[in-house]
There are 2 protein chains.
Amino acid sequence: MKATLEDTIQSIYLLPEQALKDVLEHFHHQEYPKNYFLLKPGKTCKHLWFMTKGVARYFYTNDQGKEMNTWFSLDTQIITDTTSFVKQEPAQESIQLIEDSEMYSIEYTALQALLQKHHSFALWYIKLVELNYVTQIEDRLSDLQFLDAKQRYQKLLNLYPEIANRISLGNIASYLNITQETLSRIRADKL
Amino acid sequence: MKATLEDTIQSIYLLPEQALKDVLEHFHHQEYPKNYFLLKPGKTCKHLWFMTKGVARYFYTNDQGKEMNTWFSLDTQIITDTTSFVKQEPAQESIQLIEDSEMYSIEYTALQALLQKHHSFALWYIKLVELNYVTQIEDRLSDLQFLDAKQRYQKLLNLYPEIANRISLGNIASYLNITQETLSRIRADKL
DNA sequence: GATAGCTTTTGATGTAGAACAAAAACTGAT
DNA sequence: ATCAGTTTTTGTTCTACATCAAAAGCTATC
């Protein structure tokens with residue numbers, strides 16, 4: 001059974017009926033094909049997306065032109081380039097879909113207006129930022145600091161059991177900050 | 001010239017007079033000596049601190065008992081264990097002062113009450129979280145992913161020119177995720 | 001079912017930084 | 001000034017993972 005946008009919103013922080021109605025009117029449903037770019041470097045991130053189906057990857061392109069994944073969003077996650085979105089300044093990373101995907105989105109300006117208009121929505125947004133941005137990033141940070149490649153891979157598998165089927169080895173390796181050769185050896189249990 | 005607590009608060013997001021007054025009444029001034037622990041693992045972080053003078057380090061103790069620094073706060077920064085504070089669950093890390101320090105603090109419950117009471121304070125807290133937590137952690141995350149030890153050290157020196165005088169080599173090395181031997185060699189320019 | 005284009009695996013060699021050990025340089029208290 | 005404790009430096013060896021190269025396995029299209 002598929003969660004509705006309303007369920008997702010209410011699960012973050014309960015909004016009174018009036019505010020909820022107003023908020024829902026500012027979200028728009030969209031479908032995008034595999035390989036579509038939600039964000040490219042140099043562009044300012046204008047949206048907060050609630051993905052309902054699909055997969056996205058976040059990546060940087062380094063000086064040698066190599067793409068380095070920093071994050072994946074699977075199915076029911078929130079997507080945005082936090083730094084670009086909150087500061088409304090040009091992004092440095094790309095966000096690209098790696099499956100056909102469906103999502104709801106709200107624009108930065110609409111979000112700001114709703115934050116000013118509804119005290120309850122401001123409290124909702126606090127929960128969203130605290131739980132979805134802060135906690136997630138901190139987790140990832142401590143993984144990078146304390147775990148080796150194999151442990152990071154196992155933790156990723158635990159978090160997203162389907163990841164091995166839906167995301168290519170190269171993309172996962174890049175996220176883990178190791179080469180695909182190393183990840184292949186980890187899978188074959190030679191490391 | 002020393003910034004007041006009021007200046008610091010207002011620089012994040014301007015509060016109307018009534019809310020500001022109410023907020024200021026819930027902050028308390030404190031002084032703690034060098035080596036004092038603001039937080040120990042297993043304890044829930046109940047405070048948000050605004051340091052006005054001093055230095056703190058954040059660290060984990062790993063299974064082998066080795067302390068690993070994850071962050072420093074110098075002088076005018078905001079201190080808290082974000083994950084423990086926002087979820088009100090036991091912390092995994094320690095926060096310890098490495099100089100005699102002065103700060104203002106507000107308690108979790110007081111903060112929550114103020115968020116409910118003042119719409120403007122909720123908007124203020126959104127800015128605080130967006131700029132002080134999110135942006136900072138994301139920065140650190142991308143450093144860890146893309147820069148080698150020497151580049152990370154140079155960036156740290158750039159950000160806090162006084163750090164080399166106020167924080168020991170061992171503590172800095174631990175933060176950079178390298179051994180003190182390696183940092184010593186970087187300083188001597190042998191790497 | 002042959003061809004082309006990806007993706008994954010296997011092998012050999014190289015390197016940044018760890019680990020261990022010990023010396024040298026500070027710091028501070030007596 | 002002297003001794004004890006801490007912090008920093010120097011030297012050697014070791015290891016996780018990178019890099020380069022090539023083979024093997026998929027998948028899709030005509």
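Just so we're on the same page: letters track the sequence lines, and every chain starts at 1. Predicted model, so just to flag it, every value in this text is computed and none were measured.
Atoms CD1 (I167(A)) and P (dT7(C)) sit 13 Å apart, rounded to a whole Å. Atom NZ of K34(A) and atom P of dT27(D) are 12 Å apart (whole Å). If you take CZ of F146(A) and C1' of dA18(C), they are 16 Å apart, rounded to a whole angstrom. We find that CZ of R185(B) is positioned 15 Å from P of dA21(C), with the value rounded to whole Å. Between D148(A) atom CG and dC14(D) atom P the separation is 21 Å, expressed in whole Å. The interatomic distance linking Q180(B) (CD) with dA19(C) (C1') rounds to 12 Å, in whole Å. Going from atom CG of L176(B) over to atom C1' of dA16(C) covers 15 Å, rounded to whole Å. The CD atom of E67(B) sits 15 Å away from the C1' atom of dT7(D) (whole-angstrom rounding).
Within the structure, every side-chain polar atom (N or O) of T179(B) is placed at least 4.0 Å from both OP1 and OP2 of dG17(C). Listed pair S168(A) / dT7(C) fails the phosphate criterion, with no side-chain N or O lying under 4.0 Å from OP1 or OP2. Within the structure, a side-chain polar atom (N or O) of T182(B) is placed less than 4.0 Å from OP1 or OP2 of dA18(C).
The residue N171(A) sits apart from the nucleic acid: no heavy atom pair falls under 4.0 Å. Heavy atoms of S184(B) sit under 4.0 angstrom from at least one base atom.
For I178(B), taking side-chain heavy atoms from C-beta onward, the closest of the listed nucleotides dT8(C), dG17(C), dT10(C) is dG17(C).
Using bins of under 30°, 30° to 60° and over 60° for the plane-to-plane angle, the ring pair Y58(B)/W71(B) lands in the perpendicular bin.
Sorted by first and then second residue, the pairs that involve residues 146-165 of chain B and meet ring pair (Phe, Tyr, Trp, His ring centres under 6.0 Å), not counting sequence neighbours, are Y60(A)-F146(B). Within the structure, salt bridge (charged side-chain N to carboxylate O under 4.0 Å, His left out) pairs that include any residue of residues 30-43 of chain A do not occur (at least two apart or interchain).
Across C45(A) and F85(A), no two heavy atoms sit closer than the pair O-CD1, 3.4 Å.
With hydrogens and angles ignored, the 3.5 Å screen pairs no side-chain donor or acceptor of D75(A) with any backbone N or O of K53(A).
Below the 3.5 angstrom threshold, one finds a donor paired with an acceptor across the side chain of E181(A) and the base of dC20(D).
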